[in-house]
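Accompanying notes for the structure given below.
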Amino acid sequence: MKILDVQLEANNLDTILEFYSETLGLEILKQTTGEIRFQVGDTQLTFIGKPTTKAQYHFAFNIATNHLSQAIKWAQAAGIPLLPSPKDETITYFDTWKAQSIYFWDKNGNLLEFIARVDTQIQKEVPFSPKEMLNISEIGLVTKKPIATGEAIQQQIGVDFFSKATPLAEFCALGDDDGLLILVTPNRTWYPTDLLAQRSPATIQVEVAGEIHTIQTLDWE
């Protein structure tokens, strides 16, 4: 599954612009008084300004398998604090997923992640910078019944549960290494933080087997 487009809400577009354009250096595709759209590898990421929104999100960026150590050095040089794992380590190792991740905040309280997945088999000769990110590969969707919601989305768009993660009552994933919908229950903490998952509006456009589908997160209770 490919995540083609993600539209999120933000209560302050100035801090969005500062972080995603100035710090991450992402290309701006569109900027108005009400929204900003960025190019993130193969994915477009749009923030829609809503001063009263309390939306918070977790999403992840795939990076090349040889870029994780460089991404750590880049973040340190950029002054971005990296969040420790429960083992007080910078890198989280997901053995079953064959992946390694580092986590950090943007300036709007969203939890971001750089993740290097072995099975993508993508390496890059150029040094890491956020412009070398491959795509948005994960986006959280908060629902009271993750497995039931996952089954309903599976029927709707033809995507399977992630083969590397056993579906659980409070957590499951749909998709593959290129793109995952991460379904969690409300008030479950987003790893590796104390941030409580909350239902937040998002529009997610995905491609499954050559067909384009649009998912509205608030459609799923």
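Values in this document were obtained by computation on a predicted structure and should not be read as measured data.
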side-chain contact (heavy atoms from CB on, under 4.5 Å) assessment of N12 paired with F47 = CA-CA 9 Å; N12 188 330; F47 288 95; over 6 Å; no

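- One finds the CD atom of E35 at 12.0 Å from the CG atom of L8 (value rounded to the nearest 0.5 Å).
- E132 pairs by the salt bridge (Lys or Arg N to Asp or Glu O under 4.0 Å) definition with K124, not counting sequence neighbours.
- A continuous path of ILVMFWY side-chain contacts below 4.5 Å connects L26 to F104, so both sit in one hydrophobic cluster.
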inquiry  = Show, in sequence, the C-alpha distance, side-chain angles and deciding distance for K164 and D119, and conclude whether the salt bridge (Lys or Arg N to Asp or Glu O under 4.0 Å) test is met.
reply    = CA-CA 11 Å; K164 298 174 184 176; D119 287 343; 2.7 Å; yes

message = Please evaluate residues I63 and L68 with respect to the criterion side-chain contact (heavy atoms from CB on, under 4.5 Å), reporting the C-alpha separation (whole Å), side-chain torsions for both, the decisive distance (0.1 Å), and the verdict.
response = CA-CA 7 Å; I63 63 174; L68 191 66; 3.9 Å; yes

key: Stepwise side-chain contact (heavy atoms from CB on, under 4.5 Å) check, Q121 with T65   = CA-CA 7 Å; Q121 298 182 341; T65 57; over 6 Å; no

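- Residues I48 and I16 are members of separate hydrophobic clusters, defined by side-chain heavy-atom contacts under 4.5 angstrom among Ile, Leu, Val, Met, Phe, Trp and Tyr.
- In this structure, the separation between CZ on F59 and CD1 on I3 is 11.0 Å, given to the nearest 0.5 Å.
- The backbone N or O of A202 lies less than 3.5 Å from a partner atom in the side chain of T217, making a donor-acceptor pair.
- In this structure the side chain of I153 reaches within 4.5 angstrom of the side chain of T149, judged on heavy atoms.
- The hydrophobic cluster containing L83 also contains V184, counting ILVMFWY residues as joined when their side-chain heavy atoms lie under 4.5 angstrom apart, directly or transitively.
- Looking only at distances, a side-chain donor or acceptor of T120 sits under 3.5 Å from a matching main-chain atom of R117.
- F114 pairs with exactly one of L82, I102, N62 by the side-chain contact (heavy atoms from CB on, under 4.5 Å) rule, that one being I102.
- Using a 4.5 Å heavy-atom cutoff, the side chains of P51 and N11 are not in contact.
- Shown here for A55 and S200, the closest heavy-atom pair between the two residues is CA-OG, 3.5 Å.
- When the side chain to side chain donor-acceptor pair (under 3.5 Å) test is applied to D176, no partner is found at least two apart in sequence or on another chain.
- At a cut-off of 3.5 Å, with distance as the only test, a side-chain donor of T15 or N108 sits close to an acceptor on the other residue.
- A side-chain donor-acceptor contact under 3.5 Å links N110 to the backbone of Y57.
- Listed by chain and residue number, Y20 satisfy the ring pair (Phe, Tyr, Trp, His ring centres under 6.0 Å) test with F38 (two or more places apart in sequence, or in another chain).
- Listed for the R188 side chain is no donor-acceptor partner under 3.5 Å among the backbone atoms of L196.
- The shortest side-chain heavy-atom distance between D14 and F19 does not fall under the 4.5 Å cut-off.
- By the 4.5 Å heavy-atom criterion applied to side chains, N187 and T185 are not counted as neighbours.
- Between the side chains of T203 and Q7, no donor-acceptor pair is found at a separation under 3.5 Å.
- For the side-chain contact (heavy atoms from CB on, under 4.5 Å) test with F61, the passing option among L112, T43, I115, L134 is L112; the others fail.
- For the residue pair S101 and E113, a side-chain donor N or O sits within less than 3.5 Å of a side-chain acceptor on the partner.
- Rounded to the nearest 0.5 Å, atoms CZ (F128) and CD (Q70) are 8.5 Å apart.
- Although no hydrogens or angles enter the test, the distance criterion places no donor-acceptor pair under 3.5 Å between the side chain of T143 and the main chain of P146.
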request  = Given side-chain contact (heavy atoms from CB on, under 4.5 Å), test I212 with L4 step by step and report yes or no.
outcome  = CA-CA 9 Å; I212 309 299; L4 304 178; 3.4 Å; yes

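- With values rounded to the nearest 0.5 angstrom, S21 atom OG is found 8.0 Å from I36 atom CD1.
- Comment: R37 does not engage E27 in a salt bridge, judged by the lack of any side-chain N to carboxylate O separation of less than 4.0 angstrom.
- With sequence neighbours left out, the side chain to side chain contact (heavy atoms under 4.5 Å, CB included) criterion links A148 to K145.
- Listed by first and then second residue, the side chain to side chain donor-acceptor pair (under 3.5 Å) pairs involving residues 74-100 are T92-Y191 (not counting sequence neighbours).
- Here I139 contributes atom CD1 and L141 contributes atom CG; the two are 8.5 Å apart, rounded to the nearest 0.5 Å.
- Of the candidates D177, L181, L180, D160, M1 forms a side-chain contact (heavy atoms from CB on, under 4.5 Å) with just one, namely L181.
- Checked by atom type and distance alone, the side chain of H58 pairs as donor or acceptor with a backbone atom of L111 at under 3.5 Å.
- Classified by interplanar angle (parallel below 30°, tilted 30° to 60°, perpendicular above 60°), the ring pair Y103/F94 is perpendicular.
- Shortest non-hydrogen contact noted between I182 and A173 is CD1-CB, 3.9 Å.
- Listed by chain and number, the residues in a side chain to side chain donor-acceptor pair (under 3.5 Å) with T214 amount to none (sequence neighbours excluded).
- Side-chain contact check for F161 versus Q154: some heavy-atom pair is nearer than 4.5 Å.
- The hydrophobic clustering, which links ILVMFWY residues whose side-chain heavy atoms are closer than 4.5 Å, places M133 and I28 together.
- Remark: Q56 CD to D106 CG distance equals 9.5 Å, nearest 0.5 Å.
- Within the 4.5 Å cutoff, side-chain heavy atoms of L45 are placed close to those of I136.
- Linking ILVMFWY residues whenever their side-chain heavy atoms come closer than 4.5 Å, directly or via other members, leaves V118 and I122 in distinct clusters.
- Taking the side chain as every heavy atom from C-beta outward, W220 and L183 never approach each other to under 4.5 Å.
- Remark: E9 engages K50 in a salt bridge, criterion side-chain N to carboxylate O under 4.0 Å.
- Put simply, the side chain of H213 does not reach to within 4.5 Å of the side chain of Q205, judged on heavy atoms.
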